[in-house]
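Atoms considered below: every heavy atom in the structure, side chains included; atoms not considered: hydrogens, waters and symmetry mates.
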Amino acid sequence: SHTNGATTPSTSTILLHTSLLGAPGEGALPMWLDPVMFLQPSFDPERAVVDLRRHVPLAALQTELQTYLAALKAKMVEVINEDYADYVSLSGKLVNVDGSVVRMRKPLTELKEKLGV
């Protein structure tokens with residue numbers, strides 16, 4: 001991709017991005033739609049539309065971009081839900097830790113008094 005001297009995304013960023021929905025020509029993405037272009041610091045939406053219209057009619061471009069947006073939103077919800085389950089699980093564990101600390105407080109206080117600390 002042409003970057004006009006701007007920094008290009010790292011390989012790990014590109015791999016993460018393509019692992020979300022696949023590379024161009026795989027799965028939901030047509031061959032002409034490379035989502036890595038959206039990660040370029042020099043990304044210009046108007047220029048991208050002009051460039052892509054050379055390969056596909058405007059209506060098809062709109063449909064593919066809407067499909068891509070819907071897939072990104074679905075993936076975002078999936079990731080949030082995964083993290084939410086971890087958060088809820090962690091919150092439950094912290095409640096149990098709090099109960100353990102309360103139960104241990106009395107014996108530890110008694111031991112501290114016996115030792116004169």
Side-chain angles (χ1 to χ4, degrees):
S1 295
H2 185 64
T3 62
N4 294 331
T7 305
T8 57
S10 69
T11 302
S12 60
T13 301
I14 292 170
L15 289 173
L16 173 64
H17 193 72
T18 56
S19 72
L20 292 177
L21 296 168
E26 295 178 359
L29 298 177
M31 193 63 149
W32 49 264
L33 180 58
D34 184 0
V36 173
M37 73 177 170
F38 301 121
L39 301 174
Q40 301 294 334
S42 61
F43 176 71
D44 177 8
E46 290 179 26
R47 180 178 173 143
V49 169
V50 168
D51 289 346
L52 289 171
R53 285 197 62 201
R54 294 180 193 154
H55 305 284
V56 64
L58 188 57
L61 175 59
Q62 179 183 13
T63 299
E64 289 298 337
L65 288 174
Q66 287 172 336
T67 300
Y68 182 62
L69 176 61
L72 285 175
K73 285 181 178 181
K75 188 64 176 177
M76 182 177 66
V77 168
E78 179 183 317
V79 168
I80 289 170
N81 285 338
E82 287 173 8
D83 289 344
Y84 184 75
D86 290 342
Y87 173 76
V88 169
S89 173
L90 178 61
S91 296
K93 290 175 184 175
L94 291 177
V95 168
N96 292 336
V97 168
D98 189 41
S100 297
V101 170
V102 168
R103 286 189 305 275
M104 292 174 56
R105 182 167 290 155
K106 184 178 178 186
L108 289 174
T109 303
E110 291 172 356
L111 180 61
K112 181 180 174 184
E113 289 172 2
K114 284 182 182 178
L115 295 174
V117 179

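- Put simply, CE on M76 and CG on N81 are 10.5 Å apart, with the number rounded to the nearest 0.5 Å.
- Using a 4.5 Å cut-off between side-chain heavy atoms of Ile, Leu, Val, Met, Phe, Trp and Tyr, with links allowed through other members, V49 and L52 fall into the same hydrophobic cluster.
- With a 4.5 Å cut-off on side-chain heavy atoms, L65 and L69 do not count as touching.
- Counting only heavy atoms from C-beta outward, the side chains of L72 and Y68 approach each other to under 4.5 Å.
- Put simply, OG1 on T63 and CG on L58 are 9.5 Å apart, with the number rounded to the nearest 0.5 Å.
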Could you pull out every donor-acceptor pair under 3.5 Å between side chains of residues 104-117 and any protein atom, sequence neighbours left out?
{"unit_1": "T109", "atom_1": "OG1", "unit_2": "R105", "atom_2": "O", "d": "2.7"}

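- Residues L33 and F38 have side chains in contact (heavy-atom distance under 4.5 Å, counting atoms from C-beta outward).
- Listed by chain and number, the residues in a side-chain hydrogen bond (donor to acceptor under 3.5 Å, both in side chains) with Q62 amount to none (sequence neighbours excluded).
- The minimum heavy-atom distance linking F43 with M37 is given by the pair CD1-O, 3.3 Å.
- Atom OH of Y84 is surrounded by 12 or fewer heavy atoms from other residues, nucleotides or ligands within 6.0 Å.
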